[in-house]
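The structure appears below as structure tokens.
Lettering follows sequence order; numbering is per chain, from 1.
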Amino acid sequence: MNTLMDLEHLDAKVRHSDLVKEIRTHDGAYYQDDAPKISDAHYDKLRKELEKLEEKYPDLITKDSPTQSVGAPASKGFQKVKHVVPMLSLSNVFSEEDVTDFHERIRRFLGLSESDEVELVAEPKIDGLSCSLRYEDRKLVLAATRGDGAEGENITQNVKTIKDIPQTLPDDAPDILEVRGEIYMSSKDFEALNKAQEEAGKPVFANPRNAAAGSVRQLDVNVTRQRPIKFFGYALGEVSESFADTHFEVREKLKSWAIPETSFKLCSSLADIMAHYEEILEGRAALDYDIDGVVYKVNRLDYQERLGFISRSPRWATAHKFPAERAVTVLKEIDIQVGRTGALTPVARLEPVTVGGVVVSNATLHNADEIERKDIRVGDTVVIQRAGDVIPQVVEVLKDKRKGNPPSFDFPGHCPACGSLAIREDDDVILRCTGGLICPAQAVERLKHFVSRLAFDIDGLGAKIVEQFYEEGLIKSPADIFKLKDLNKTLQPPIREREGWGDLSENNLFESINTRRNIQLNRFIYALGIRQVGEATAKRLAATYGSLSALNEAMKAAQNRESEAFQELLNIEDIGPAVADDLLGFFAEEHNQQVLADLEALLEIQTYEAAQSVDSPVSGKTLVFTGTLTTVGRQEAKAKAESLGAKVAGSVSKKTDYVIAGEDAGSKLKKAKDLGVEVLSEEQWSALINS
DNA sequence: CAGCCTCGAGTTCT
DNA sequence: CTCGAGGCTG
């Protein structure tokens with residue numbers, strides 16, 4: 001027993017010294033230039049492993065261990081912070097027409113007439129990184145990054161080094177106040193920093209945004225302290241008491257509390273807005289910081305509340321982006337990628353070029369038609385831009401730079417992975433591999449989807465690892481993931497002895513797989529990767545059927561198109577004939593039934609909890625709106641009903657509980673009467689929900 | 001039946 | 001983030 005302990009300890013000691021060395025090396029690259037040679041995730045993993053090791057064997061902790069360095073709190077990587085009020089992203093518009101649409105949509109949603117003006121506040125959109133500052137009792141207590149919007153990272157220590165952020169607020173500020181804003185670096189500071197980097201023989205940053213991001217994500221506070229980062233505040237998160245009726249007033253309050261701010265202007269008409277956009281665009285060059293557009297926000301906060309959100313962005317705000325930066329480069333090759341559903345997507349391999357601050361070497365070409373339309377050929381000189389400043393796309397080919405007459409791209413008629421015929425399904429633009437279950441590329445993509453963030457979200461089982469394990473035959477179908485631990489016992493060599501693996505990382509992998517044996521039904525359905533069934537549809541299916549077995553039974557029954565079960569399926573919002581076809585096709589497939597049975601035996605699938613446990617007169621009821629509503633817009637009425645726990649359907653059936661009839665209601669009202677469904681007037685409806 | 005809107009699928013880079 | 005398609009509205 002003693003010798004066993006000794007051996008383990010020796011192992012730990014060796015691993016410890018390896019880790020210390022490796023982390024030290026990466027720190028060099030990471031700390032100074034934010035140009036690490038490994039991903040943040042990998043780095044964090046190393047540090048975590050080191051910590052765990054030191055926890056178990058405290059005698060291994062040495063003074064020079066990276067866990068003991070200054071700023072040690074950050075050595076845990078950054079702690080996760082849940083946002084009480086989610087940090088959202090903004091929708092984008094690019095033209096005057098889009099702005100008009102945005103403005104119109106708001107008016108329609110609110111049910112306003114032509115003469116009612118909707119005031120907007122326009123402010124420059126800073127190109128930095130979003131940050132939330134939390135003040136409790138007027139003291140700065142927490143700073144967090146946006147992260148995925150729901151959960152960010154605690155960067156309080158680093159943010160406290162930013163001089164222009166007040167540590168305390170005046171007495172008239174509320175007890176709890178979250179200020180949302182942007183951390184950035186001024187152009188002057190950026191240049192000075194790069195000059196210093198260069199003189200010190202260190203690599204330079206590509207742009208101010210990267211420099212700011214790199215500075216904030218420093219694990220060592222002392223490095224951050226020396227970086228000239230700044231902050232602008234422009235919005236609120238959680239607030240203990242409201243202190244304004246409009247966004248404009250919010251901005252003025254923030255200003256009075258010495259929160260650094262950018263310009264903001266109240267615009268009362270579309271003409272005003274466009275004029276202000278031009279003004280900001282023209283003044284852009286004179287600013288000491290980068291901006292990439294103008295943000296418009298509905299001024300009245302009560303309107304904002306009524307407007308609410310579409311998926312991850314508010315309906316009451318949008319970003320009017322400046323025209324995208326372009327660059328010229330050479331297209332070296334066109335590769336074909338195979339997606340989860342068999343879609344063959346051409347990808348342009350480019351001579352790397354910097355566009356808008358990042359180096360781009362790939363760009364999607366979407367489909368064969370796109371290549372033909374733009375007449376893109378291998379070897380061409382092309383203009384690239386980053387659509388919405390993110391996804392690179394080929395804008396056009398510079399034909400006069402074309403040498404000779406290279407052949408047009410010949411789109412393959414077969415899948416490059418499995419050789420199966422590729423076809424266009426009824427005039428679809430996309431060619432699909434017909435290999436289905438036998439295509440290895442599709443199988444891998446399906447597995448990647450299965451473990452992806454919105455599905456099983458298995459830590460430590462990323463795309464690369466899935467590919468590797470699939471190739472080695474360790475994971476061929478989803479159920480294999482949960483059998484991996486047993487398989488590993490007889491595996492030669494076991495995972496921990498492979499390149500890049502160790503005892504700890506192996507343990508961590510099995511641990512994260514194990515925790516995901518317990519999964520919500522909606523995630524499970526999404527993970528199956530059924531065509532046309534994404535996050536939203538999966539949720540609806542989960543909410544409708546409640547359990548996997550109920551879903552499966554219903555799908556089996558619905559195979560008969562005359563059945564009640566089929567009707568019930570079509571009654572689910574957003575499920576029409578096409579989606580139903582794909583769903584039924586999936587459940588009819590024997591192989592899929594096997595997959596379901598295997599998984600069911602290995603997993604604990606939780607029934608779907610409806611998001612709202614609201615107790616209202618309409619919770620659980622199915623409603624149909626018809627006719628023109630006079631007091632509120634249709635979307636708003638629907639959103640309101642849903643927030644009260646009602647299901648809003650598109651057509652009247654005998655499952656409908658109420659039909660709310662506005663002015664000029666037509667066929668749906670008639671059908672409701674025919675079926676004996678209760679009909680409410682708009683007044684009765686608002687009385688009901690306000691009761 | 002046409003236009004509007006939401007959802008899904010695919011993609012890039014950090 | 002964008003594009004296309006399916007579903008819904010009018």
Under a 3.5 Å distance rule, please check whether A:T145 uses its side chain to pair with a backbone N or O of A:E153 as donor and acceptor. yes
Expressed as a whole number of angstroms, how long is the span from A:K539:NZ to B:dC7:C1'? 13 Å
Does B:dT14 have OP1 or OP2 sitting under 4.0 Å from an N or O in the side chain of A:N210? no
Under the 3.5 angstrom rule, does the side chain of A:T224 hit a backbone N or O of A:S215 as a donor-acceptor pair? yes
Does A:N158 use its side chain to pair, donor to acceptor, with the backbone of A:V216 at less than 3.5 Å? yes
Within the structure, does a side-chain N or O atom of A:R531 lie under 4.0 Å from either OP1 or OP2 of B:dG8? no
If only side-chain N and O atoms of A:R540 are considered, is one of them under 4.0 Å from the OP1 or OP2 phosphate oxygen of B:dC7? yes
What are the residues of residues 327-338 of chain A, sorted by number, that bring a heavy atom to within less than 4.0 Å of DNA chain B? A:Q337
Could you state the atom-to-atom distance from CG of A:D127 to C1' of B:dT14 in whole Å? 14 Å
Rounded distance (Å) that lies between atom P of B:dC13 and atom CD1 of A:I384: 11 Å
Name the nucleic acid region contacted by A:L344, choosing base, sugar-phosphate or nothing; use a 4.0 angstrom heavy-atom cut-off, strictly under. nothing
Just by distance, do the side chain of A:K321 and the backbone of A:D292 share a donor-acceptor pair under 3.5 Å? no
Tell me which of A:A538 and A:T364 sits closer to the 5' end of DNA chain B, going by the nucleotide each one is nearest to. A:A538
Does A:Y526 have its ring centroid less than 6.0 Å away from the ring centroid of A:H449? yes
Are A:Y289 and A:F190 near enough that their ring centres are under 6.0 Å apart? no
